[in-house]
Structures are given as structure tokens and as C-alpha cells.
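So the structure is just underneath, and the comments pick up after that.
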4 protein chains.
Amino acid sequence: MTPNRRGRPREQGIDAAVRAAVNELLEEVGYQRCTVDAIAARAGVGKAALYRRWKSKAELVFAAVVHDDAIAAPHDTGTLRGDVASVLADIQSALDGPQVRNALPGLLADLRAEDGPTARLGELFLIRERAYLAEVLDRAIARGELARRPEVPVVHAMLLGSVFAWLHLLREAVPPGGLADALAPGLYGAIIELGR
Amino acid sequence: MTPNRRGRPREQGIDAAVRAAVNELLEEVGYQRCTVDAIAARAGVGKAALYRRWKSKAELVFAAVVHDDAIAAPHDTGTLRGDVASVLADIQSALDGPQVRNALPGLLADLRAEDGPTARLGELFLIRERAYLAEVLDRAIARGELARRPEVPVVHAMLLGSVFAWLHLLREAVPPGGLADALAPGLYGAIIELGR
Amino acid sequence: MTPNRRGRPREQGIDAAVRAAVNELLEEVGYQRCTVDAIAARAGVGKAALYRRWKSKAELVFAAVVHDDAIAAPHDTGTLRGDVASVLADIQSALDGPQVRNALPGLLADLRAEDGPTARLGELFLIRERAYLAEVLDRAIARGELARRPEVPVVHAMLLGSVFAWLHLLREAVPPGGLADALAPGLYGAIIELGR
Amino acid sequence: MTPNRRGRPREQGIDAAVRAAVNELLEEVGYQRCTVDAIAARAGVGKAALYRRWKSKAELVFAAVVHDDAIAAPHDTGTLRGDVASVLADIQSALDGPQVRNALPGLLADLRAEDGPTARLGELFLIRERAYLAEVLDRAIARGELARRPEVPVVHAMLLGSVFAWLHLLREAVPPGGLADALAPGLYGAIIELGR
DNA sequence: AATTAATCGAGACGGTACGTCATGTCTTGAT
DNA sequence: ATCAAGACATGACGTACCGTCTCGATTAATT
């Protein structure tokens, strides 16, 4: 995976074209019928170019679906209550796009089945999300809203899991006021309780 | 799926043999490499017998993995705090077995990909869990621990999602004190906040 | 394929290095697994340099395998019987090297599949062989061994074909006395019959 | 490759359908562009059914192209001269069909590249052809045309090779009188010489 | 000396075929 | 009508190879 120093450099447009193709196909036909051949054809690219960059369909789709700005810089709303709602909104926007929503279950399954370091769903993604979360909690402590910092993984599981469960396990419709608003009060209460 | 009226009756031992084979294979090789052919071979059964009973691999595995006592009768511990921990323990025990843990992501993906009523195969499971949850909340109200009943789907998403995220998204190790104990305080706080 | 007039001249050593690489690989792994990439790598050469010189793998291998002295000057042994054995020995030495033996079937297939003039790349080789043959026959007439000159293509087919069939169709082991000696008497008889 | 005793028997029509498809494709597009996928599609058959019967494209095509009646029962014309012409005509008809002619070079190359017993081009085919030849020679001895039996492989190489060379090495047009008639006199002379 | 232009090694690119594998259906003969 | 065994169509996957192209660096002959 180390880029080459000599030889023809990788063409720039391919990554973008592939991402676009994947996202279109995910939306049109879902994960399972979003074929590697179809992706290559739609992107106007050979399969070799795909497998040169990613080592499986799962990695390919993952890379196409996770955009780096998924987790924006942690927005400070001034209150923990507001920050929690903001984090939830970010999580929702990362999980609820038409592509991600179609891709996530299949992706989870395929990444799990592969061995190697990529098997963990977006290590990087989760690490950044966790750091984000730690910062939000620390701000709340600085404001005096929390006495101590709760275990970050616990908070992480509650926030991420609640959104995921709503969308993919319970498969409830997103409520009119927005999913973040529906979940925020309870999860705010949870954090307060843990930070007491 | 209607059983036969005439002709040779279905052999009794098959269901059990298949369940056993599925569970062994799930544990040994995971969901994707737990092939229908492998299941049939291990169970000493023809594939036709499988598809006579279940209409897809996903249904087959689901049936083999979900034991009816997954959601026990709602145990009344006397306090909401205790009940929440008890529910969480039940959820964890339903999701954390060596088979379910391996099967769940693949199952989610395949059930989602199927169209028609099978897609909601987990419905029954979820409905019972939700009823269970409603009862726990109502007991808390009766005890005076809650002023009003929170939205059940919200609570459901938080409880189920937290466990799922811990196990399958964050893939954290189960903490020494047990997963339920780690998550219970926060989620108790969440319910209190929502029932205020 | 026209050489350049201006600019950097082609490096001299490349042709030799490539020929060597091809012959090694043919002997080691055969025609099909003698990849263009492998040739380039072994020769320490870029693929572009190969395709600048030859227009396909088949041409490349053909050039590497056919040495110009393949058909030596027609050696006059003094009798038709001797000349036939000599021609056969030449043909065998052209077809029976460890490289040619491995390359020939694949080469035949690929050259045939290409359209255009390359398909007849062996032409030159065959034309010279045929001229050689005509000379041998004419000498026999001059000696009075033959009354008239047989059809050269017929004689050609018999001589070349017998050797080829032995090596590549029947895949018989080369007999102890040498292939030429085993085939010469019969083919001498054939020519006598045709020249009667 | 042992046929099954239990389970669904192999469908009968498939072999015939595949042979037909292969022969059509060979004639239309040649060996290299006669794709396994195209064969399966044209025959209305899955690729698995093909690979269940033959272990590579080469074997598949070989089986489709060699028809069992390729070498008919050795026809006794009453004279060695006539028998030789008859054998040659048989060989030509086996090698000169529009399909075989297209397939042979590619087939030779691919079979050679594979390891294992099939690598030898139609062992069975050659064995039968050789037996045929031995019988022709023995008849000639019985008639008193030959004093002793020439080495069969040598005769085999001359007869088979001459035809093959004419068609695939020299790539001469088949002469008006027929290829067998053009080659028969010389090869008759060869056999006489060897049997003297 | 500066310019020009064809070459060099390296390696990415599009296309295309291969052979494998899994799903769900179907077909045997036997129970 | 069921059973075990196993063949069937479909269709995706990941690998391999070919011949082309693109990069930055060389290397001569021409200005």
C-alpha cells in the first residue's frame, strides 16, 4: 500500500470516480447487488485499478462511504445538553445518508469476515469519534456540568449504538423532530448520571 | 412452509441436528463460511430438507441461533436500577454467545437484503423485548420512580444499541464486571431523565 | 518500428538481455507462464522497451528463440540419403532445443490468433528451409538419383511434419540413435518414390 | 470424475449442447475468443456444470472437438497404397474440419501447459490411431507387400505429421486433388522402404 | 552550451478471461 | 410426501495477463 516513488503515479481522478460510482450504486441497488464489476464499469476503470487500491469489495465500499468530514470539528454549543445533541446529529448524518444506510449492514458483515487490521470497522473513524467525545466531556467538566469524566467507551457505545439501533435494528422511521432530538435528552441524562 | 398432509411425515430429529450443525459451524468458521452445503453435510441431511423448512440461509441461521428463552420473563428486582441491569444482562446474553456474536452482522445484512416479510424476521423478537421493556417502565412508574413513561422505542434503542455497539461496532472487550454493569448506571440515568 | 533519427539511440545491450531472459524463462516455466512482465523484470528492462522493439509477446519470443543459423547452409553429403539425414538433423536441432520445444505450441497458437502480417512470421524461416530443400532435390537430380523434382511443399511437409509430430504430437522420446536417423530412411524412400 | 451412484444424475443433454456450442464458437471466433462464459451461455448451461465435467477449457474443447468416429474402422482397400491413402484421408478429415483447424494450435498449447495425464494430446486418440496403423501394416505384410513391419511410431509421425504440417505449419491450401492424394505416394514409398 | 527528442526503468491503466464458490432449485431412487 | 445425495443455473469474486500509457530521469545529436 506504500505509494510508488518511481513509475507511473496513480491517476488522481480514479479515487473520486470510484467513490461516485459506489455511492450511486449503493443508492440504486444496495450493497449486495453493488458488484465490483459494476463499480468498475460505472467508474470507467479496470478491476485491477480497484484491487490495487483496496484489497476487497468491503474495503472499497467502506472507503467510498466514509467521507473524512464525517466527524466535523467538535462544535461547542456552550452546554453539555447542546453538545450531546450536536454529536448525535453528526453521528446520524454519518449513518443515515442513503448510501451508508444501504451499505452499513453488508459492510459490517464483510469487514468482520475478513481477517487483518481492516477487520475493525474504521478504526480511524472510531478513534476520531472517540477523541471528539472526550473533548465534549472535558468541556462539560470545565463548565462544571460534570464532576468527573465518564468512561469514554461507555458513552461512545450509548451514543453510537442508540442511533445505529434506531436505524438498523429497530428500523424505526426517523421522528419528525429529528433523531438527534429524540435521543438527546435521555443520553444527556445518562452522561450526567455517569459524571456525577 | 405448510406441513404435509399426506405422504411421509417429516423426520423429527432433523431440526435439532441442523441447529446443532449451524451453531458448531458459526463458532468454528463464522457466518459467511458457514455454508448451506456445509450445514447439510454436518447435519447429515440433504439441502432439500433444509429449504423445505426455512426459505433462506438467513432464516435457517436465525432460527438456529435464537432460542425461545432469549428474553426471559421480566424479572422484577424491586428497583428500576436493578431492572435495567437485568434487562441489559438479558440483552447481552442474547447477543454475546459465541454463535450469535459471529452470526449477527451477516444475519443483519442478509435479512436486510431479502425483500418481503422475511426482512422483518427479528420483529417477533423485538416486539417481545419491547413489551418486556414497557412492563419494566410501568413498574417503575407504579413504584413512583418515574413520573411518566418515556417513549419505549427510544429506551429500546438506547439499551439494545449500547450493547450492540459495544460488541459489534466498537468491538471492545467485555469489561471484568460484566457489560450490563458497565452500561446500567448510564442507561438508568437516561430513563430517569426521560421519565421526569 | 522505424528506428529513431534524433533523440537518444536505443540501448545496445537490451536485445541480448531480453533474448537471454526469454530463453531462461521458457526453459524454466514454459511459454504461458513466461510472462511479459517476468521477461522485463528478469532482463532488468521496462515493458515499454520490449514493445518498442516487438509488437507482441509472440513476436518477442519468436525472435528470441529463432537463431539465424537455424538453417545452416545446405551441406552436400554426396548422396541424397545423406542429405536427407542432414536436413532432418537441422530441422530437429531447430525444433528440439529446450526453449523451442517449450515455446513452439504456444507460439503457434498466438501467431495464428494474431491477424495481419505477423501471423506469417515464420514465413521467412520456412521460405529459407524450402529453398534449402529445393537445392537438395536438384542436387539429387544432377547426381541422377531422381528422375524429376517432387513437389517441394509435399517433401517439406513430410520432413518438417515428421519431426514436429514426433516431438509435439506423439511426444515420443528421442530414440537413442537420434531422431534424424530414425526418420531418414523412410523419408528418403518417400522422396525416391516421388522423384521416380 | 467417477460418476455418481446416488444423487441426481448428470443431465444427458448437457454434453451434446456443450459440444455444439463449442463447435459453433470455434468456427465463428476461433479458439482464444471461444470463452468459457460464452460456451456456457450459448449452451444454456452454468459454468459449474462445465467444470464438473472437464477440468479446464482445454479439456472441454478437446472433448468437444474429438468425435469418437474420428478414426473409423480401418478400411481394407486391398492394397497398401490404397490403405495409406485411406488412412491419410481419415487423418485429414480429423484435422481439417473448420472447428479442429481453428482449435488445434490453441489446444496443443494449453494442453501442453497443463500438468497431469491429460497433458498428452488425446492419448486415447493416438493409441487408437496407432493400432489402426499397425493393422494396416500387418495386412500389407500378409499380402506380401512388406517384408517386415516398420516401427509404428515412425510411420505414425510421418503420416500424422505430414498432414499437420501442411495445414498448420506450412499453411498451404489443400490441393485440388485432395491432401491425401498429394501425400499418399510419397508416404507409400516411405513405408515400402522401411518394410523392405 | 542549450535545446530537442527519443529512449530508459518502473509501474499504473483498461480490458478481458479464468477458475472458484455460494445460493436456492430440481431430480434421482428409496423409504 | 419425505429422505440423502448431488447436479443444475445464476452470478459475484479475486487473480492473472496483455498491450498501452505516463512519469521523471538519461542520453545523444542538433542547434
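Note that the structure is predicted; figures quoted are calculated from it, not measured. The sequence lines fix the lettering, A, B, ..., with proteins before strands; numbering per chain opens at 1.
Relative to the side chain of A/R10, the nucleotides F/dC13, F/dT22, E/dC13 differ in distance, and E/dC13 lies closest. Side-chain atoms of B/Y51 lie closest to E/dT25 of the nucleotides E/dT25, F/dG19, E/dG14. Residue A/K47 has its side chain nearest to E/dA17 when only E/dC13, F/dA4, E/dA17 are considered. Listed candidates were F/dG14, E/dG14, E/dG9. Nearest to the side chain of A/V36 is F/dG14. Here E/dT23 is the nucleotide among E/dG14, F/dG14, E/dT23 with the atom lying nearest to any side-chain atom of B/T35. Counting only heavy atoms from C-beta on, A/A49 has its side chain closest to E/dG14 among E/dG14, E/dT28, F/dA9. The side chain of C/R8 approaches E/dT7 more closely than any other nucleotide in the set E/dG19, E/dT7, F/dG14.
With DNA chain F read from its 5' end, the first of the two nearest nucleotides for A/A48 and A/A58 is the one closest to A/A58. Of the residues near DNA chain F, B/A43 and D/E11, the one whose nearest nucleotide (by heavy atom distance) lies more toward the 5' end is B/A43. Closest-nucleotide positions on DNA chain E for C/G46 and D/C34 were compared, and the one nearer the 5' end corresponds to C/G46.
Atom CD1 in C/I39 sits about 12 Å away from atom P in F/dC17, given to the nearest Å. Summarising the geometry, the separation between CD on B/Q32 and C1' on F/dC13 is reported as 13 Å, rounded to the nearest angstrom. Note: CZ (D/R33) to C1' (E/dC18) measures 17 Å, nearest angstrom. Going from atom CG of B/L60 over to atom C1' of E/dT25 covers 16 Å, rounded to whole Å. The CG-C1' distance, from B/D37 to E/dC26, rounds to 14 Å in whole Å. The separation between D/R42 atom CZ and F/dT10 atom C1' is 19 Å, rounded to whole Å. The nearest whole Å value for the distance from the CD1 atom in A/I14 to the P atom in F/dT22 is 12 Å. Rounded to an integer number of Å, the gap from CG of D/L50 to C1' of F/dA7 is 13 Å.
Dashed line: the shortest gap from a side-chain N or O of D/R52 to OP1 or OP2 of E/dC21 is not under 4.0 Å.
Residues D/E28 and D/R42 are paired through a salt bridge, judged by an N-O separation under 4.0 Å between the basic side chain and the carboxylate. Salt-bridge check for C/K57 with C/D110: failed, with every basic side-chain N at 4.0 Å or more from each acidic carboxylate O.
Side-chain N or O atoms of D/N23 include one that pairs as donor or acceptor with a backbone N or O of D/A64 at under 3.5 Å.
D/H168 and D/R171 get closest at one heavy-atom pair: O-CG, 3.6 Å. Heavy-atom minimum distance, C/A109 versus D/Q32: O-NE2, 3.3 Å.
Put simply, the side chain of D/K57 and the base of E/dG19 share no donor and acceptor less than 3.5 Å apart.
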